[in-house]
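Everything quoted here is computed from the prediction, not taken from an experiment. Along the sequence shown, residues are numbered consecutively beginning with 1.
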Amino acid sequence: MSDRLSVFKTYKLYVGGKFPRSESGRVYEVTDAKGNWLANAPLSSRKDARDAVVAARKAFGGWSGATAYNRGQVLYRVAEMLEGRKEQFVREVADAEGLSKSKAAAVVDATIDRWVWYAGWTDKIAQVLGGANPVAGPYFNLSSPEPTGVVAVLAPQESSFLGLVSVVAPVIATGNTAVVIASEKAPLPALSLGEVLATSDVPGGVVNVLSGRTAEIAAPLAAHQDVNAIDLAGADEALAKELEIAAADNLKRVLRPQAVDYFETPGTERMTAFLETKTVWHPTGSLGAGGSSY
């Protein structure tokens with residue numbers, strides 16, 4: 001019996017619910033922690049970044065308009081799908097980050113738990129941030145959070161999977177859509193996550209995953225007039241400053257890079273960073289001895 005030929009995995013971008021190759025046709029070599037070749041990943045172009053923004057904007061209305069409870073169900077479904085493909089992600093994370101199988105398994109378990117954690121927050125964040133405000137007058141004054149729109153996310157460079165999910169999940173949990181730039185040196189877990197999203201209930205375009213040179217892809221996203229916010233988690237100090245300046249052109253919300261232990265239970269900061277507050281006034285009518293009337 002002859003030996004089988006190896007079937008190498010072809011990694012592609014995830015944009016608008018589909019798996020295109022880079023518009024440029026370029027790829028770059030991805031290696032493991034010891035420098036051994038793992039795969040060729042797409043080298044995204046500026047055109048790929050613009051296409052991803054178009055897909056994210058198209059998906060925003062439906063995703064932000066879904067009930068918070070439904071978004072929670074969808075995020076939980078992603079966790080279910082990850083659980084079923086745990087072995088694949090353990091292998092990819094071990095190769096990407098130079099971890100032992102047991103340590104990679106701990107990372108993947110924490111990542112799945114992180115999806116579940118944010119799934120539980122989708123219908124609770126409004127109760128924490130919203131509410132009735134006391135005002136000096138015969139009015140109801142009610143505030144409620146709303147998603148800001150399309151968010152560009154620079155995934156952490158060193159934490160290729162747990163860090164990735166820790167910055168993507170809070171963006172979409174609150175009703176935003178995302179254009180994600182995977183870790184430049186370890187993009188494979190992010191590209192495989194696109195396959196999980198495609199086979200779960202996440203609508204196409206809600207999350208779009210690009211791989212390649214972080215600075216090359218981030219520049220057009222920071223300057224893009226239809227991107228509403230940017231998370232600079234994966235940028236170094238020099239790149240972060242450059243992107244902040246570009247983002248100021250249309251007053252994007254900017255979340256600056258910070259030191260984070262992704263194994264720690266997160267707070268609500270990454271959810272609140274990309275929410276706007278809408279406040280509604282409504283007259284109460286006359287308030288007399290007989291009670292209120294409208």
Contacts of A248 that satisfy side chain to side chain contact (heavy atoms under 4.5 Å, CB included) - sequence neighbours left out
none

Heavy-atom count around K18 NZ within 6.0 Å, excluding the residue itself: above 12?
no

Tell me if the CD atom of E87 is crowded by more than 12 foreign heavy atoms within 6.0 Å.
no

If the test is side-chain hydrogen bond (donor to acceptor under 3.5 Å, both in side chains), which one of R57, R253, K252 qualifies with N228?
R57

Relative to the ring of F8, is the ring of W37 parallel (under 30°), tilted (30 to 60°) or perpendicular (over 60°)?
perpendicular

To the nearest 0.5 Å, tell me how far D48 CG sits from L210 CG.
6.5 Å

If you take all heavy atoms of A104 and V93, which pair is closest and at what distance?
CB-CG1, 4.2 Å

Taking every heavy atom of F263 against every heavy atom of A106, the minimum-distance pair comes out as CE2-O, 4.1 Å

In this structure, CD of E146 is separated from CD of E276 (nearest 0.5 Å) by 8.5 Å

Is there a side-chain contact between I181 and L221 in this structure, where contact means two heavy atoms from C-beta onward sitting under 4.5 Å apart?
yes

For L154, run the side chain to side chain contact (heavy atoms under 4.5 Å, CB included) check against L243, I217, D231, V179 and tell me which one passes.
L243

Could you grab the distance from atom CZ of R50 to atom CG of D226, nearest 0.5 Å is fine?
13.0 Å

Closest approach of S45 and E23, non-hydrogen atoms and distance?
OG-OE1, 2.8 Å

If you define the side chain from C-beta out and look only at heavy atoms, does anything of E92 sit under 4.5 Å from S192?
yes

Is it possible for you to say whether I172 and Y262 belong to one hydrophobic cluster, with membership spreading through side-chain heavy-atom contacts below 4.5 Å?
yes

Straight-line distance of E244 CD to L255 CG, nearest 0.5 Å:
10.0 Å

Any residue meeting side chain to side chain contact (heavy atoms under 4.5 Å, CB included) with Y139, in chain and number order, not counting sequence neighbours
V135, W281, P283

K86 NZ to M81 CE distance, which is reported to the nearest 0.5 Å:
15.0 Å

Show your reasoning for whether side chain to side chain contact (heavy atoms under 4.5 Å, CB included) applies to V196 and F89.
CA-CA 11 Å; V196 172; F89 282 98; 3.8 Å; yes

Are L164 and V151 linked, directly or through other ILVMFWY residues, by side chains that come within less than 4.5 angstrom of each other?
yes

If you define the side chain from C-beta out and look only at heavy atoms, does anything of N208 sit under 4.5 Å from D51?
no

Group every Ile, Leu, Val, Met, Phe, Trp and Tyr by side-chain heavy-atom contacts under 4.5 Å, then state whether V180 and Y28 land in the same group.
yes

Supply the atom-to-atom distance D236 CG to K241 NZ, rounded to the nearest 0.5 angstrom.
12.5 Å

Is it true that the NZ or CZ of K9 lies under 6.0 Å from the centre of Y11's six-membered ring and within 45 degrees of the ring axis?
yes

Sidechain N-carboxylate O distance under 4.0 Å for E195, R85
yes

Show, in sequence, the C-alpha distance, side-chain angles and deciding distance for T279 and S143, and conclude whether the side-chain hydrogen bond (donor to acceptor under 3.5 Å, both in side chains) test is met.
CA-CA 4 Å; T279 300; S143 294; 2.8 Å; yes

